[in-house]
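Step one of this worksheet: look at the structure below.
Index from 1, following the sequence. When a ligand or atom number is given, it counts from 1 through the structure's own listing order. Just so you know, these numbers come straight off a predicted model, no measurement behind them. Because only heavy atoms are used, hydrogens play no part in the values below, and waters and symmetry mates are left out as well, while side chains stay in.
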Amino acid sequence: MKVRTRFAPSPTGRMHVGNLRTALYAYLIAKHAGGDFILRIEDTDQERYVEGAVDIIYKTLKDTGLEHDEGPDKDGGVGPYVQSERVKQGIYMKYARQLIDKGEAYYCFCTPERLESLKKEVVDENGEKKVVSIYDKHCLHLSKEEIEANLKAGKPYVIRQNNPTTGTTTFHDEIYGDITVDNSELDDMILIKSDGYPTYNFANVVDDHLMGITHVVRGNEYLSSSPKYNRLYEAFGWEVPKYIHCPLITNEEHQKLSKRSGHSSFEDLVEQGYLPDAIVNFVALLGWSPEDNQEIMNLPELIEKFDYHHINKSPAVFDTTKLKWMNGEYIKKMDPAAFYQEAKPYIDKAVTRDCDKEKIAGLVQSRIEIFPDIAGLVDFFEEVPEYETSLYVNKKNKCTEENSLELLKSVLPILKDQDDFSNDALFATLKSFAKENGYKVGFVMWPLRTALSGKQTTPGGATQIMEILGKDESLKRIEAGIEKLENK
Ligand code: GLU
């Protein structure tokens, strides 16, 4: 049987890292097995719907390379792929009525006030407090006549699942194993809401079945509801798909990754200067690792290596230091022209003078982890910062403030005579100057680079910096360095 997985996001805003991981794992499971990856838009919760969020979903899938085989824009014969359109076709109501006929579901006309009185506070599987209300089956006992009369009178109603109150239900999760719950804990959850829309709880089962989904991948917040989903499959007589619940993702403080952490969505991370490919690689390792422990993997490599049996149960920590490192590795591997395109806005912002920005990009490509690192590395091209003359002192190159001053004074006229300010030509000139005077090259370059940059470390050496700054600006800076050392 062909493997079919789906990504079923709700259009509620930016793409949370946890959702991106669900999409990625579902994609990898399908592609690893040569199967299909389906996109389904779960927009039945009208209150949470955010304008423009569907576009974000498409854009994120495109930017991350997770191309779907079927979806609202690619018909595969089991559509529509948007739940609100499926509502209009009466799909969920049809199946809810089938359950009512089988005694597996029932109409409930309880008022909000009555339901309010059934609420109580509990702690969920992630240790968080939440309010639940276990329905007391009040409306299960209505007579046929009462139900008819209520419906006729236009009383608002929901349709609830009719779960047993005794015995146990067991279901199997590929990651968490067999899980058994007491049926007394199973709430008669709502399948169809009073607005006629299905709940996620019902729609996911109906759609996963009708769309031929073989592996259901989702976050572990759905684990506790899965016995109820299993009962629905059984009530319909449908085959239960394989469940793959992914572990919780926490921040470094081991708290659930929240919007407030500032890096909880794909879009946040891109804005912070991370590359989509690096984000995908990083997210793949949030709860999974290949047997050989390789860390840098592009999408084709992930497809090849991904084996869902190795997904972990324990929470995955979002380690920003690791993401930064990984991003740096991806930046190093970028084609220089592509890197320049990405880096240019950051360089332009830090360096407004007219100079060869592509050469600056070439100097920083191997030295940054994220794009915003660029500013701090290249700011001296704009202006030499305030610096102490002690910066000229360097043990390794035997530079002191005194001999640096002498050196700069003797090199200045040579550079004034130099017409070709290319890196190669400058290097050749300074190398022969060093040789003639019996100096080491480093002894010549250190004071120059200090005067040119005012910094202890720079991307690129003195001659590379001079090439970018050009003759006039370079000479100006060296003269300023001489003045600084003379007047200290
Ligand atoms: N619509 C659900 C969500 O966005 C999907 C959960 C699932 O993957 O089944 O959380």
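Salt-bridge check for R97 with D101: failed, with every basic side-chain N at 4.0 Å or more from each acidic carboxylate O. Under a 4.0 Å N-O distance rule, the pair D208/R40 qualifies as a salt bridge.
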Output a table of donor-acceptor pairs, distance under 3.5 Å, between side-chain atoms of residues 177-187 and any protein atom two or more places apart or on a different chain; print 'none' if there are none.
unit_1, atom_1, unit_2, atom_2, d
D178, OD1, H172, ND1, 2.9
T180, OG1, T170, OG1, 2.9
N183, OD1, T169, N, 3.2
N183, OD1, T169, OG1, 2.5
N183, ND2, T166, O, 2.8
D187, OD1, Y135, N, 2.7

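Side-chain N or O atoms of Q161 include one that pairs as donor or acceptor with a backbone N or O of K228 at under 3.5 Å.
At a heavy-atom cutoff of 4.0 Å, ligand 1 is surrounded by R6, A8, P9, S10, E42, Y200, V217, R218, Y222.
The aromatic rings of F371 and F339 sit parallel to each other, their planes meeting at less than 30°, with 60° as the upper class boundary.
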Stepwise side chain to side chain contact (heavy atoms under 4.5 Å, CB included) test for H68 and L61: CA-CA 8 Å; H68 51 283; L61 290 180; 4.0 Å; yes

